[in-house]
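For reference, the structure is listed below as structure tokens.
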Amino acid sequence: MGIGELDREAHVAEGTGAAAPRTLAEALRARGDEGLAALLRARPDLLNPVPNDLTQLATRAGTRGSVVRALERLDRFALQTAEALAVAPDPAPYPVLLALLTGDEGDPAIEAALPGAVALLREQALVWGEDDRLRLVRTARELLSPSPQHPSPTGLGPTVAEATSGMSPGRVQEIIGAAGLRATHDPVSAVAALTGLFTDRARMGALLDGAPPEALAVLDRLVWGPPYGEVTANPAPPVRWLRDRGLLLPVSARTMVLPREVALHLRGGRAHRAPEPVAPEVAVLREHRPQVVDGAAAGQAYTALATVEELLKSWDKGGPQVLRAGGLSVRDLRRTAAALDVTEQVAAFWLELCHGAGLLASDGEADERYAPTPAYDDWLDLPPAERWARLVTPWLASTRTSGLVGGQDAKGRALSALGPDLDRAAAPEVRHRVLGLLATLPPGAAADPETLFARLRWERPLRGAGTAAENTGSGSGPSLPDDLRSRLARWALAEAELLGLTGRGALSAPARALLNLPLAEAASPADEGGGVEESVAAERAATLLAPLLPEAVDHVLLQADLTAVAPGPLRRPLADALAVLADVESKGGATVYRFTPGSVRRALDSGLTASDLHDFLTAHSRTPVPQPLAYLVDDVARRHGHLRVGAASAYVRCDDDTVLGEILADRRSAALGLRRLAPTVLAAQADPAALLDGLRAMGYAPAAESAEGDVLVTRADAYRTPARTAPVPVPDGPPAPDATLLHAAVKAIRAGDRAATAVRREPSAPTPAGSLPRTSSAETLATVQAAAMTGSAVWIGYVNADGAASQRVIAPVRVEGGFVTGYDHTADEMRTYPLHRITGVAELADD
């Protein structure tokens, strides 16, 4: 049994009947509910709004925007199949399509894959008709057919009939005469004869056997495209030989084209040089033990948490200002990268990650700047594994693309971190697909990036190409593919490694749980993924990651060189307190803190006393408090508050007038504008904050005081933006409909189509096509009353309160009080209509 017979039997099983569809609407009408649901699921843009009937659905499926979106989501072989149909006769039998893809020699792989590609195109309403009359929808044919303005990906040119459409009849007769054909009485038969020659393999072979070798070389240059070539006013003899016999046809005075039939003969009947019926395999670059991969990924996840915390803590009192056009300046990005000890591209990623997770935003003030959000404080209170899940979940769905930072947009403007124009709707799909392809490899296996990019390009060949500006951004290597989809994939691989979703290039177990994928063999069956909600998946991922992260410690090791070593991540209260009392000197598995006079003074400014600091160090150190550190605390505490600064414009007071005299005599105090008001008081022109900073720079340890003379406790209260929501990803077209929406939409379309195609009795006065029925009020009332008594359906014209007119099929059940209540087949529900809004009524035919 042939493929066409199988397809026809499937249509009959769905209730299509024996008649072949004449239009796309008829083809859709012949589908079952599952077939319509599959179409709406694959092309969700057809659902907005829900079509009234199948005719409207077919019309919408043929619009240019919808067809372009559908073509962009085809894999390479399905697209090649559509391209072959675009250069085939319309309609094209299945064997003709197969021959265009396999050529004269045949190809078992193409023969096996072609039925699936045709079924996919038919499911998405890009192709309709039985296998003996396959039709590409008109818009898709226009987009994929060869033309001088838009060359076909097949490299084929126009047919002989298209290329000779403007040629004089005499010239056509000259061509067929030179080709050895008999003269005809009209140009139509002459073109048909020339086409028959070019499609006859034997006669075409004989014609080319007599061609000069130079002429064959010209054909070789044009055969795989582009099929157009420029010639001089007096072309060379080989070109003249080809032109005289119609093997090259003129497009203009200086341009010739290779006819499609000639190219297909030279190609052996193949429309594409390299059909790709099978998706390329993702190769394994290297293999590791799964435990090694999970350990490496967990270490990177801990580093990611530490980096985010360090970044936002450095902006705790307010970060850099927002550019007028939005985003972060290049100088501020460079400073951030230096503070994190990473490249600017990686710093941009961490900034975008915090922004996408809702931890960082602009404050919205007149002098706008960036700062952590209140959600950051809630995030800090979570366990480390949950904090990690709160970062990677938004990253997967975010359309923000930090890899574009440093490039230019379509107008030549620089793209800045946290700025506009960084959204790429394809980014979430690429991230999910990259991780999904990594999941197809054995546990612990890292993918070869080149084969991974090749697979992505095969799956979405039309979606890879980006603008020239996008392809000039930073982060691309000269030997790597430069289309947008490959660049997104390359960034996704690097970012997944930074976040700890992968370890040494292989997918980790927490990442599998996050993606609802089956876990490694060691996992229990209960841990298998399968359609769970996103929050549940994130919780499962955090559960798997938690045992792999280092345990938080509650102690440090104090050393005699005024440093403290944290042997692991510190618990939150200890980490916060130590960050005030000491400065971080080095980071890593063991963080080193250094105590300085400035850091101790900072702790005293926060309201702590010397005894509090001694007790804190004794309680949290596994080693005795070194004597130099105790002396440092006591020395700074003894001098802390000896000077008092308040607001007069500002003043300094001290019980020891000798100290004030030293300050006045110091040249460094000249900028503060100090003058003595009393033996123990100095007035300053600078404000209190500047005065405090100036005296501290001179080596003193002043304390601020209130108007009552009390020491002000200057706690380092964090600056926070107002409550902000995380940025919403830019949708890549309409969202995929769920099963409930699909069921309701199919039901509504079916009901509307039944009403639109209902056969009506011929009225006494003919009704123009497309117009509403017109009957008098008495006739309308009598007809609906009779229908209510007999339980039959009628066709009505109805105008609603907004003046919108529609045609409906209803089955009246009650007529009273100027209203008719009945079952509306169009809406598939019971409704009530005012009789005065019914323009007319007609009975349906008996069948």
Go through Val681 and Val652 one step at a time and tell me if the side chain to side chain contact (heavy atoms under 4.5 Å, CB included) criterion holds.
CA-CA 6 Å; Val681 179; Val652 183; over 6 Å; no
When you look at [atom1] of [X], are more than 12 heavy atoms from neighbouring residues, nucleotides or ligands closer to it than 6.0 Å?
X      : atom1 : result
Asp655 : CG    : no
Glu344 : CD    : yes
Arg390 : CZ    : no
Gln685 : CD    : no
Asp341 : CG    : no

Salt bridge present between [X] and [Y] (N-O < 4.0 angstrom):
X      : Y      : value
Asp363 : Arg720 : no
Asp605 : Arg602 : no
Arg512 : Asp294 : no

Roughly how far, to the nearest 0.5 Å, is [atom2] of [Y] from [atom1] of [X]?
X      : Y      : atom1 : atom2 : result
Thr596 : Arg601 : OG1   : CZ    : 8.5 Å
Ser599 : Leu632 : OG    : CG    : 7.0 Å
His620 : His555 : NE2   : NE2   : 11.0 Å

Under 3.5 Å donor-acceptor pairs involving side-chain atoms of residues 492-499, not counting sequence neighbours:
from, atom 1, to, atom 2, distance (Å)
Glu495, OE1, Trp395, NE1, 2.8
Glu495, OE2, Ser402, OG, 3.3
Glu497, OE1, Thr502, OG1, 2.6
Glu497, OE1, Gly505, N, 3.3
Glu497, OE2, Arg504, N, 2.9

Go through the steps to decide whether Trp388 and Leu549 satisfy the test side chain to side chain contact (heavy atoms under 4.5 Å, CB included), and finish with yes or no.
CA-CA 11 Å; Trp388 175 81; Leu549 293 176; 5.8 Å; no
Check the pair Asp316, Lys313 against salt bridge (Lys or Arg N to Asp or Glu O under 4.0 Å), reporting the backbone distance first and the verdict last.
CA-CA 5 Å; Asp316 220 14; Lys313 186 177 293 184; over 6 Å; no
CA sep, side-chain torsions, deciding dist, call: Leu581, Leu617, side chain to side chain contact (heavy atoms under 4.5 Å, CB included)
CA-CA 10 Å; Leu581 180 57; Leu617 294 173; 3.8 Å; yes
I'd like to check [X] versus [Y] (side-chain heavy atoms, cut-off strictly below 4.5 Å). Are they in contact?
X      : Y      : answer
Tyr370 : Leu418 : yes
Asp635 : Val600 : no
Val592 : Val584 : no

Side chains of Asp332 and Ser329: any donor to acceptor distance under 3.5 Å?
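Yes, Asp332 and Ser329 have a side-chain donor paired with an acceptor closer than 3.5 Å.
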Thr401 side-chain N/O to Gly403 backbone N/O, donor-acceptor pair under 3.5 Å
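Pair absent, no side-chain N/O of Thr401 close to backbone of Gly403.
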